[in-house]
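Here's the structure we're looking at; comments come further down.
Just so you know, these numbers use all the heavy atoms, side chains as well, and skip hydrogens, waters and symmetry mates. Letters go in sequence order (proteins before strands), and every chain restarts at 1.
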2 protein chains.
Amino acid sequence: MSLKYAVLAALLEGEASGYELSKIFDVSLANFWPATPQQLYRELERLAGDGLIAARTVPQERRPTKRLFSLTEAGREQLGVFAAEPTRRPTAVRDEFLIKMQAMDGVDPAAVRALLEERRAWALGKLARYERVRERLLDGRTEEEHLREADRVGPYLTLAAGITFERENARWCERVLTVLDGRRAPMGPAGQPLG
Amino acid sequence: MSLKYAVLAALLEGEASGYELSKIFDVSLANFWPATPQQLYRELERLAGDGLIAARTVPQERRPTKRLFSLTEAGREQLGVFAAEPTRRPTAVRDEFLIKMQAMDGVDPAAVRALLEERRAWALGKLARYERVRERLLDGRTEEEHLREADRVGPYLTLAAGITFERENARWCERVLTVLDGRRAPMGPAGQPLG
DNA sequence: CACACCTATTCAAATAGTTCAGTAATAGCG
DNA sequence: CGCTATTACTGAACTATTTGAATAGGTGTG
């Protein structure tokens with residue numbers, strides 16, 4: 001349903017091939033609407049069939065031929081209508097890791113710690129990638145300047161949401177690691193370790 | 001895939017019917033693994049078939065007969081194995097609203113503001129419900145006491161993650177509303193409104 | 001020069017998730 | 001008494017998503 005509009009929104013940045021889109025989805029849109037390359041190619045086919053995007057074939061010198069897609073007026077219009085409508089579906093988070101954490105209290109603490117460290121590292125890695133995208137978007141301007149003056153602020157603001165999300169993810173892991181420390185070595189009433 | 005383990009993790013709290021599980025998923029597990037009642041009933045059937053949960057039929061006086069499910073030893077064990085394994089799938093967020101926000105810069109600002117207000121109200125409502133679950137979990141203890149001494153801390157910690165998530169959601173909406181204000185009435189170099 | 005990885009796309013099959021509808025009984029409201 | 005809501009569950013059809021594999025040339029590394 002919404003993949004359609006996610007693709008149209010991605011094409012607001014300009015013409016792109018299926019492959020390029022799959023990269024864009026990887027680094028920024030995956031934040032709120034993940035999609036595999038296969039999904040994208042199918043959706044692009046459908047959107048082109050419906051006249052919401054236009055395709056042109058570009059033969060390349062030393063690369064396979066690619067097809068570049070761009071928004072049509074009809075596509076831009078449908079996206080505008082969608083974006084002004086009330087949101088139908090609430091946010092859905094699917095996180096296998098948090099299922100494991102829900103069940104953590106029956107599991108070897110060392111294994112839990114390993115999971116937490118891994119997740120934390122992953123969140124910090126994603127954060128670093130987001131920060132690079134952010135620098136590119138700001139392009140030398142300060143955040144305030146950009147938010148006041150840029151033509152488009154949507155991409156920056158959704159990216160900021162992703163940055164907060166990953167930062168809080170990392171912080172959560174750190175907090176849980178601290179909690180586990182406190183449970184491994186319980187404290188007496190005066191704060192000194194027991195046992 | 002993971003719905004299986006989400007159901008097993010939910011049954012760590014004790015015996016429950018499909019209907020009761022659907023309520024549990026609504027208020028707390030939906031935070032990281034949403035599931036409709038239909039999905040749950042199907043999954044419970046499968047888990048019972050595989051011997052990971054045990055079902056018993058409980059005829060009721062003034063209600064339809066219900067089936068109560070509880071973890072078997074096999075189920076508890078498989079959940080333990082799953083929870084100690086490295087996480088396969090990264091977090092997937094699907095958020096129609098953020099697609100709209102990505103495309104906000106071509107849309108009537110009044111409509112965007114309405115979406116933001118709606119989302120903010122929704123996040124604050126969810127936050128309030130989470131806080132009530134939190135009070136129930138703490139049951140008079142302070143957070144520190146609970147995290148040090150409780151038998152299980154998993155449910156509290158995943159709930160805390162949900163609380164942070166919704167709080168940041170609401171804050172994001174407030175920030176974007178402020179940004180939109182700044183763009184409606186751009187400031188001059190000395191900080192006074194222009195026009 | 002072998003090997004892995006990148007660009008660029010397509011096809012088929014399997015799994016997961018959503019939607020709509022329905023059954024059936026009780027409770028509470030005006 | 002009719003209306004709506006709640007408890008409790010089932011079935012079928014549909015849509016969306018994931019996975020695996022295949023094709024095919026190019027680029028970089030040791």
> Angle, rounded to 10°, between the helical axes spanning five pairs at each terminus of the helix from C:dC1-D:dG30 to C:dG30-D:dC1?
Replying inline: 40°
Protein-nucleic acid N or O pairs under 3.5 Å, nucleotides 13-16 of chain D:
unit_1, atom_1, unit_2, atom_2, d
D:dA16, OP1, A:M1, N, 3.1

> With sequence neighbours left out, which residue pairs that include part of residues 100-133 of chain A fulfil the ring-ring contact (aromatic ring centres under 6.0 Å, His included) condition?
Replying inline: none
>> So, using salt bridge (Lys or Arg N to Asp or Glu O under 4.0 Å) as the criterion, who are the partners of A:R167 when residues are at least two apart?
In response: none
> What side chain to side chain donor-acceptor pair (under 3.5 Å) pairs are there with at least one residue in residues 81-91 of chain A, not counting sequence neighbours?
Replying inline: A:T91-B:D95, A:T91-B:R119
> Under the side chain to side chain donor-acceptor pair (under 3.5 Å) rule, what pairs show up with a residue in residues 155-166 of chain A, not counting sequence neighbours?
Replying inline: A:R134-A:Y156, A:E143-A:Y156, A:T158-B:Q102, A:E166-A:N169
> A:Y19 side chain: which of D:dA8, D:dT7, C:dT7 is closest?
Replying inline: C:dT7
> With respect to the side chain of A:S17, which nucleotide from C:dT18, C:dT9, C:dT10 is positioned closest?
Replying inline: C:dT9
>> Is A:T36 close enough to D:dT19 that one of its side-chain N or O atoms is under 4.0 Å from OP1 or OP2 there?
In response: no
> B:R183 side chain to B:T178 main-chain N or O, any donor-acceptor pair under 3.5 Å?
Replying inline: no
>> My understanding is that only residues two or more places apart in sequence, or in another chain, count here; which of them pass side chain to side chain contact (heavy atoms under 4.5 Å, CB included) with B:A6?
In response: A:I99, B:F25, B:L29, B:W33
>> Does anything in residues 47-56 of chain A form a salt bridge (charged side-chain N to carboxylate O under 4.0 Å, His left out)? List the pairs, not counting sequence neighbours.
In response: A:E15-A:R56
> Hydrophobic cluster mates of B:V93, side-chain heavy atoms under 4.5 angstrom, ILVMFWY only, any path?
Replying inline: A:V93, A:F165, B:F165
> Nearest nucleotide by nearest heavy atom, which residue falls closer to the 5' end of DNA chain D, A:P34 or B:P37?
Replying inline: B:P37
> With no angle test and no hydrogens, is the base of D:dG20 tied to the side chain of A:Q38 by a donor-acceptor pair under 3.5 Å?
Replying inline: yes
d([atom1], [X]; [atom2], [N]) in whole Å:
{"X": "B:L40", "N": "D:dT7", "atom1": "CG", "atom2": "C1'", "answer": "15 Å"}
{"X": "A:I24", "N": "C:dT7", "atom1": "CD1", "atom2": "P", "answer": "13 Å"}
{"X": "A:E45", "N": "C:dA8", "atom1": "CD", "atom2": "P", "answer": "17 Å"}
{"X": "B:L44", "N": "C:dG17", "atom1": "CG", "atom2": "C1'", "answer": "16 Å"}
{"X": "A:L3", "N": "C:dG17", "atom1": "CG", "atom2": "P", "answer": "17 Å"}
{"X": "B:Y41", "N": "C:dT23", "atom1": "OH", "atom2": "P", "answer": "17 Å"}
{"X": "B:K4", "N": "C:dG17", "atom1": "NZ", "atom2": "C1'", "answer": "18 Å"}
{"X": "A:K23", "N": "C:dC6", "atom1": "NZ", "atom2": "P", "answer": "8 Å"}

>> Using a heavy-atom cut-off of 4.0 Å across all strands, would you classify B:S22 as base, sugar-phosphate, or nothing?
In response: nothing
>> Please check if the number of heavy atoms outside A:R171 that lie under 6.0 Å from its CZ is greater than 12.
In response: no
